[in-house]
Amino acid sequence: ANHDHWSDIVEINSKSGLVGSSRKGAYAGSKFGGIGLTQSFALELVGDGIKVNAGCPGNFLDGPLWSDPDSGLFVQYLREGKVPGATTIDDVRRFYEARVPMGRGCTPADVLEALYYLVAQRYETGQALPVTGGQVMLSGGATRPPGRARRPCPPRRRPEGPACGRPSRPPAGPGAA
């Protein structure tokens, strides 16, 4: 797929498409499915010069879902006692802000910047980009035990042994130690 011009499809998903969601299994399942579609369409459409990615925003704490004074989640969670020790809506809000390493909810501007990033990339397709202030962090794939960082194999060397991150093979043959 070597195109001079690329088109983009960007799905607006949710952080719940990247991690499970307690007591919201149907919602999280639909979001996981959306990311599966994004990745499948990315594979199908790349040959036509179309990149397909997803933006996965975190909680819009200033939006009506959370902040509506009559029925927003802050009010509901305060009434239900969902946040231990909370006696005010501000207590509930601070509880949820504290769950985000960057200390605040997602904003529309955060999402727009992420979407611009996805469209600007010329070499990315099938990605699900978290926009969560660090609340959801992607791993680099397979994890390694602490202290066992993989080092690149030097060129023109047989790629085995701990020097390049692969376990050494046991000695072969009789009398091998």
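By the 4.5 Å heavy-atom criterion applied to side chains, Arg79 and Val75 are counted as neighbours. Side-chain contact check for Tyr117 versus Val131: every heavy-atom pair is 4.5 Å or farther apart. At least one side-chain heavy atom of Leu18 sits under 4.5 Å from a side-chain heavy atom of Ile35.
Partners of Ser67 by side chain to side chain donor-acceptor pair (under 3.5 Å), not counting sequence neighbours: none found. With sequence neighbours left out, Thr38 forms a side chain to side chain donor-acceptor pair (under 3.5 Å) with Glu11. For the salt bridge (charged side-chain N to carboxylate O under 4.0 Å, His left out) test, residues two or more places apart in sequence or in another chain that qualify with Asp91 are Arg94. In this view, Ser14 and Ser16, Tyr27, Lys31 satisfy the side-chain contact (heavy atoms from CB on, under 4.5 Å) rule, not counting sequence neighbours.
Tyr96 and Tyr77 have their aromatic ring centers within a separation under 6.0 angstrom.
Rounding to the nearest 0.5 angstrom, the gap separating the CG atom in Leu73 from the CD1 atom in Ile89 is 11.5 Å. A distance of 9.5 Å separates CZ of Phe32 from CG of Asn13, quoted to the nearest 0.5 Å.
Contact between Val111 and Cys106 at its shortest, heavy atoms only, is CG2-SG, 3.7 Å.
Counting side-chain heavy-atom gaps under 4.5 Å among Ile, Leu, Val, Met, Phe, Trp and Tyr, Tyr116 is found in no cluster with other residues.
Phe41 is not connected to Val46 by any chain of hydrophobic side-chain contacts under 4.5 Å among Ile, Leu, Val, Met, Phe, Trp and Tyr, and they are in different clusters. Hydrophobic clustering places Leu129 together with Ile12 (ILVMFWY residues linked when any side-chain heavy atoms are closer than 4.5 Å, directly or through intermediates).
In terms of modelled atom types and a separation under 3.5 Å, the side chain of Thr107 and the main chain of Asp110 share a donor-acceptor contact.
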Open item on the list: Quick one, Asp48 with Trp6, criterion side chain to side chain contact (heavy atoms under 4.5 Å, CB included). Give me CA distance, side-chain angles, the key distance, then yes/no.
Closed with: CA-CA 9 Å; Asp48 296 320; Trp6 287 88; over 6 Å; no

Run the side-chain donor-acceptor check on residues 50-66: report pairs under 3.5 Å with partners two or more places apart or on a different chain.
residue	atom	partner	partner atom	Å
Lys51	NZ	Asp8	OD2	3.0
Lys51	NZ	Leu118	O	3.4
Lys51	NZ	Val119	O	3.1
Lys51	NZ	Gln121	O	2.2
Asn53	OD1	Gly126	N	3.1
Asn53	OD1	Gln127	N	2.8
Asn53	ND2	Glu124	O	3.3
Asp62	OD1	Arg93	NH1	3.3
Asp62	OD1	Arg93	NH2	2.6

